[in-house]
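Just below is one structure, and these are the notes that go with it.
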Amino acid sequence: MHPPPPGPLGDCLRDWEELQQDFHGIQETHRLYRLKLEELTKLQNSCTSSITRQKKRLQELALVLRKCKPSLPSEAEEAAQELENQIKERQGLFFDMEAYLPKKNGLYLSLVLGNVNVTLLSKQAKVTDAAFNFLLVWYYCTLTIRESILINNGSRIKGWWVFHHYVSTFLSGVMLTWPDGLMYQKFRNQFLSFSMYQSFVQFLQYYYQSGCLYRLRALGERHTMDLTVEGFQSWMWRGLTFLLPFLFFGHFWQLFNALTLFNLARDPECKEWQVLMCGFPFLLLFLGNFFTTLRVVHQKFHNQLHGSKKE
C-alpha cells in the first residue's frame, strides 16, 4: 500500500482508514446484536407459550380439585388445601414472569397506539412509574396552592373541585408509595390507561372551558380571577353535549378503578395497605364528580324549563 501523500489529503486518507477499521467493528457488533435479538425473540415466544400452557393446565387442575374437594375424606383435606395454596402461589409467580414478557395491548391501547409494544422489560424501566406518580403529586400540589391563592383574590371556584384536587394529591401520594409487586402489576395497566384517558379529557375540558371563559369575560359576566378547572361548573354550558359523554365515561372509570382495587384487597395474596387506601379515594372521586356534574346539569335544565314557561 502506498504511503499517504503529505498535506490535508494525507490527513483525510488516514482518518478514512481509521473510520474503516471502526466500521468493520460496528458491522461485527451489529451482526452479534441481530443474532442475540433473534435468540431473545425465540426465548420470549418459547417462555410465553410454556407459561400459557402451564396456566391452562393449572386452571384445569384447580377446577378438578374444587369439584372433588367436598367428597374428600377428612384426612385428605389438609393435602388438598396445601395443593390449592401451591397452585395459587404458582399462578402468582407466572404473573410476575409475564410482567417481563411482551404482551398484546388491550382494546384502548390498541385503538390509541396500534400494535406498538408498551411492555417495560426491565426493573430499571419500571422506575418510570415512580417518576410518573411523583409528577402527579407535584401537579396536584401546585393546583391546590394556585387555587388557594386565587380564591383569596376573589376567584369563584366551586368547593368540590378544590377538594377534588386535595383527594387527587393524596391518591397520587399513596400510588407513589405502592411497592412493585403482584397487586401493583394487576392494577398498573388499568391505571396507566385511565391516566392517558384523563389527560385526553383534561385537554378537551381546557379547550372548551377556555373558549367559554373568554367569551363570558368579554361580556363582563365572569370575574377576571375565574379559571378553567378539572371538572364542570355552571358557566360551562354552551356546547356541553359534546363534552358530557367524555366526562361521565371518566367518572365511571373511576368507579371501575375503585371496584377493581376493592376486589384486589380481598385477594389472599394482597399484603399492601395501599390497595385499599387507593380504592377509597377513587370511590370518593367518582361520587363527587358524578353527583356534582349531575347536579349542575339538572340545575341548568331546571332553569331553562322555568325560563321557557315564563316566556
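- Other residues, nucleotides and ligands place more than 12 heavy atoms under 6.0 Å from the CH2 atom of Trp273.
- Using a 4.5 Å cut-off on side-chain heavy atoms (C-beta onward), Val174 and Cys278 make contact.
- Residue-environment remark: CD (Glu78) stays at or below the threshold of 12 foreign heavy atoms within 6.0 Å.
- Screening residues 33-43 for side chain to side chain donor-acceptor pair (under 3.5 Å), with sequence neighbours left out, gives no hits.
- Taking CE of Met183 as the start and CD of Glu269 as the end, the distance is 6.5 Å to the nearest 0.5 Å.
- Rounded to the nearest 0.5 Å, atoms CZ (Phe94) and NZ (Lys55) are 8.5 Å apart.
- Side-chain atoms of Lys186 and Asp267, non-hydrogen and from C-beta on, do get closer than 4.5 Å to each other.
- To the nearest 0.5 Å, the span separating CG on Leu283 from CG on Asn257 amounts to 11.0 Å.
- Glu84 is not listed as a side-chain neighbour of Ile87, based on a closest heavy-atom distance of 4.5 Å or more.
- Ring geometry for Tyr197 versus Trp253: interplanar angle of 30 to 60°, hence tilted.
- Atom CD of residue Gln274 and atom OG1 of residue Thr177 lie 4.0 Å apart, to the nearest 0.5 angstrom.
- A 4.5 Å side-chain heavy-atom check between Phe170 and Tyr140 finds every atom pair outside the cut-off.
- Side-chain rings of Phe252 and Phe290 approach one another, their centers coming within less than 6.0 Å.
- Of all non-hydrogen atoms in Ala258 and Gly279, the two that sit nearest each other are CB-O, 3.5 Å.
- If you take CE on Met277 and CE on Met175, they are separated by 14.0 Å, rounding to the nearest 0.5 Å.
- A salt bridge is absent between Arg188 and Asp180; no separation between the charged side-chain nitrogens and carboxylate oxygens falls under 4.0 Å.
- At least one side-chain heavy atom of Leu192 sits under 4.5 Å from a side-chain heavy atom of Phe132.
- Looking at Leu287 and Leu255, their side chains never come closer than 4.5 Å, going by heavy atoms from C-beta outward.
- Listed for the His30 side chain is no donor-acceptor partner under 3.5 Å among the backbone atoms of Ile26.
- Ring geometry for Phe191 against Phe194 counts as tilted: the plane angle lies between 30° and 60°, on a 0 to 90° scale.
- Interatomic distance, CG of Leu58 versus NZ of Lys88, reported as 13.0 Å (0.5 Å rounding).
- Asn85 and Glu89 are not linked by any side-chain donor-acceptor pair at a separation below 3.5 angstrom, with hydrogens and angles left out of the test.
- Side-chain N or O atoms of Asn289 include one that pairs as donor or acceptor with a backbone N or O of Leu285 at under 3.5 Å.
- Under the side-chain hydrogen bond (donor to acceptor under 3.5 Å, both in side chains) criterion, Asn45 pairs with no residue, sequence neighbours left out.
- Every ring pair (Phe, Tyr, Trp, His ring centres under 6.0 Å) that Tyr184 has, sequence neighbours left out, goes to Trp178.
- Taken together through direct or relayed side-chain contacts under 4.5 Å among Ile, Leu, Val, Met, Phe, Trp and Tyr, Trp16 and Phe23 form parts of separate hydrophobic clusters.
- With respect to the salt-bridge test (charged N to carboxylate O, under 4.0 angstrom), the residues Arg31 and Glu28 qualify.
- The closest side-chain heavy-atom distance from Glu82 to Gln86 is below 4.5 Å.
- Residues Ser168 and His164 have side chains in contact (heavy-atom distance under 4.5 Å, counting atoms from C-beta outward).
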Ring pair (Phe, Tyr, Trp, His ring centres under 6.0 Å) assessment of Phe200 paired with Phe246: CA-CA 9 Å; Phe200 168 69; Phe246 293 99; 5.8 Å; yes

